[in-house]
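Worksheet for the structure shown next.
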Amino acid sequence: MTTQLAPQPVVTSIVADTQACDRCGISGRYPGITFDASGVCDLCAMYETKGQDILSYFGDVDAFVRLVRARAEERGSRYDCLLLYSGGKDSSYVLYRLIELGLRVRTFTFDNGFISKTALRNVETITSELGIEHVTATHADQNKVFLQSLQQHKSVCNGCFRSLLDLSTQHAHDLGVPTIVTGLSRGQIMDERLSWFHQQGIFDPAEIEPRLKAGRSVYHESGGAIGAEAVDSVEVVDYYRYSDVTKDGIRALLKSRSDLWSQPGDTGFCSSNCMINDAGVLVHTRERGFHNYEAPTRWEVRLGHLERTEADDELREPAATPRVKKMLLQIGYPLPEAGAPVTPAEAPGAERTSVAPLAPQKREPALTPAQHEVLVQGAAEPGRQGRALLLEAADGADSGRVRRAALQLLLHHEALRLRFAQQDGVWRQYDAGVAGALPVLRLDLSAREPAQEAQALRTAVERLRSRLSLTDGPLLQIALVDRGPRPARLLLVVHELLADTASWRLLLRDLCTLWAAPEGRAQLPAAGSFLERAAALTGEPAAIGPERSGPADGGEEAPVRIRRRCGAAVSAAEVARALSQTLASLGDVPQVDVVDHTAGDGQGGIGRWSRAQSTTSVPDSVPDSDAASDAKALIRYEHFGDLAGLLPPDAPLAVVEADEVDFTVLPSTGRDTVTVNGIVREGILYLEWWCSPSWRNRLLAAALPERVARRLARSAEPGTR
């Protein structure tokens, strides 16, 4: 339905061109602007009376996703969309959001010869980080295009937009991509897409859209650079038509998601990617008497996306610096004489101050005792603190599938983005954002016999562990194991600080959800803040048990394993009791240190820390002699429960039991005299004793593993608990 504009307020006098709207701040120099008696411009008055009609053009992100996916499915496209990516803040925000939404994205950058090096570096590093296929295109005669654009429009942007749209439309058509996504702001959409319709009293999207599409065809035909077939096959969709995010919201997301994006310091206020923009603004302001970004920027103020003072600052006239003069000389346009009024925000001649790169927001709660122990005891053994798990994918896998899942996990789980820093002897943790290349590798075992896989996997686990870094990241590594015709496998290595069973369950739940969803598109349950949990659980980190000082017995012997089957599954407390009672029956002091990896959050820390000394009393008959003291063994019992239970029911992935990829065993296991791991497999508890070879002889001589296993088997019998 077409709605007519309300009668405009009566202008009581001719307004001087220095007047500015009391609400949005638009200058009286802007063509056609009038003010009412209270100093409010006609655009603000229209928005006040027709705001609901105007906003009916805009949708939500869900509608955007449905539109883009429907077009891609109808066309059978490999990609959902082609994003016009400049490396500036607006398009970088859009790229991160598209990936979060699970869309298959390819990016396109138009290098007009004056793109900021920082912006181009943003393009290169962020597309690499996200695993996005990307292309950068140029135009051979772009300087001529700039000159013609300044002569006709007093703006470099008009010609640049035409080159960008022509090249990207042809590229999308050639690839069969049906949708181009732009990062035009809502202010630009209001000014460039909708202003003419609003002047005609047209607000209905059903009437606006067909006319916009027809206008785009005429626009491309007038240039003659691409054919009608390409124009008809590709639709241009403005992401910010469906997102009402503010400028602060854009900055906040970039700050939280990545420390790779940097604000260029060599561009003007109205562009975060293009250097020649300042030259165009200078020409337009001096030769037309008003800023060419005036209308869209003031719309951002009306829509609540920008403060008026910030808009005033953006719309100052750039200085005729040597850099601006050089750019105009390069394209052959004479420097306009000064003389047009300038905005009162700041006198011309001041250079823009460079803005430092956005750093990740650092919330730094102290560590829980569980985290503190891992840091302190593992400090001497870097690269040895990763828990490894091997999964099998019966339905096949490819690198793209794994990379998409890994990216979604990094974006969704704060814990995977943590970094740790030590200052004045105190360890702190913070969210570093998604930074660096995706931690995904490919291990090609397609030409190996099954019997040869074990050594290759063992080597891979060691290498993936060595890549983990608490200070620089990553804390997660994933390897796609290509086994040729045999089912593919995923090798996951996660740092011990995050490897409690509760966290693994969440991680694997979301991995399975992404794995089972078409093209990895899925809405994941809220993950919550790992740092907020840590802050709530932080305690005194002193009571953390004995530190690891190196291999037991002062030697370099590799730990050995003793495995015993112990009957039906029992709890961590029951195993600890059996260990203590068996030690006591042998006349030893029952020192058993218990860590329950299946426990929920508690006083000790996040998910893993149910540490307690055994409560079994020490018999009076135990002699306190040097000989008895020498026989005492501090046993550390770590309870992991059923590893198959880490995966959700009906999971598309399955846990693979492999000695070379043992979830429960860190390289340092067994160096604290004796470590016992409790694992449940198919309802049966197994105890795996890790110790030095010399301690192995002592344990077997005392039949300690067998005694504990028999005690647990009896306690598991009906009626004996």
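FYI, the numbering just counts along the sequence from 1.
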Donor-acceptor pair, distance only, cut-off 3.5 Å: does the side chain of Asp80 make one with the backbone of Arg104? yes
Can any side-chain N or O of Glu294 pair as donor or acceptor with the backbone N or O of Ser27 at less than 3.5 Å? yes
Are the side chains of Asn122 and Glu124 in touch, meaning some heavy atoms are under 4.5 Å apart? no
Lys/Arg N to Asp/Glu carboxylate O, Lys247 vs Glu310, below 4.0 Å: no
Identify, with sequence neighbours excluded, every residue that meets side chain to side chain donor-acceptor pair (under 3.5 Å) alongside Arg308. none
Shortest non-hydrogen pair, Gly187 vs Leu303, comes out as N-CD1, 4.4 Å
Side chains of Val234 and Val177 in contact at under 4.5 Å (non-hydrogen atoms): no
Can you sort out the partners of Asp191 under salt bridge (charged side-chain N to carboxylate O under 4.0 Å, His left out), two or more places apart, ordered by chain and number? none
Among side-chain atoms of Gln170 and Asp166, is any donor-acceptor pair under 3.5 angstrom? no
Can you list every pair that meets ring-ring contact (aromatic ring centres under 6.0 Å, His included) and has a residue in residues 230-257, with sequence neighbours left out? Phe64-Tyr239, Phe64-Tyr242
In terms of heavy-atom contacts, Ser91 and Tyr85 come closest through OG-CD1, 3.3 Å
Quick one, Phe146 and Phe114 - any side-chain contact, counting heavy atoms below 4.5 Å? yes
Under the salt bridge (charged side-chain N to carboxylate O under 4.0 Å, His left out) rule, collect the residues that match up with Arg97, sequence neighbours excluded. Glu100
Side chain to side chain donor-acceptor pair (under 3.5 Å) partners of Arg302, counting only residues at least two apart: none
State whether Glu209 and Arg241 are salt-bridged, where the test is any N-O pair (Lys NZ or Arg NE/NH1/NH2 against Asp/Glu carboxylate O) under 4.0 Å. yes
Mind checking whether Pro210 and Lys213 have side chains closer than 4.5 Å, heavy atoms only? no
State whether a side-chain donor-acceptor pair under 3.5 Å links His305 with Thr246. no
Would the distance check show the side chain of Thr127 and the main-chain N or O of Val123 forming a donor-acceptor pair, the cut-off being under 3.5 Å? yes
Does a donor on one side chain sit under 3.5 Å from an acceptor on the other, for Thr285 and His291? no
Under 4.0 Å between a Lys/Arg side-chain N and an Asp/Glu carboxylate O for Glu48 and Arg23? yes
Side-chain donor/acceptor of Gln200 to backbone N/O of Phe197, under 3.5 Å: no
With Glu307 via salt bridge (charged side-chain N to carboxylate O under 4.0 Å, His left out) - residues at least two apart: none
Can you find a side-chain donor-acceptor pair between Asp53 and Ser56 that sits under 3.5 Å? no
Could you check if a side-chain atom of Arg288 sits within less than 4.5 angstrom of a side-chain atom of His284, using non-hydrogen atoms only? yes
In the structure I gave you, are the side-chain heavy atoms of Leu175 and Arg78 within less than 4.5 Å of one another anywhere? no
Do Thr136 and Asp111 have side-chain N/O donor and acceptor atoms under 3.5 Å apart? no
Is any side-chain heavy atom of Leu411 closer than 4.5 Å to one of Ile99? yes
Is a side-chain N or O of Arg106 found less than 3.5 angstrom from the main chain of Cys81, in a donor-acceptor match? no
Ring of Phe58, cation from Arg186 - is the NZ or CZ under 6.0 Å from the centre and inside 45° of the axis? yes
A side-chain contact here means heavy atoms from C-beta on lying under 4.5 Å apart; do Ile250 and Leu254 qualify? yes
Short question: side chain of Thr125, backbone of Arg121 - any donor-acceptor pair under 3.5 Å? yes
Side-chain donor-acceptor contact under 3.5 Å, Tyr333 with Gln151: no
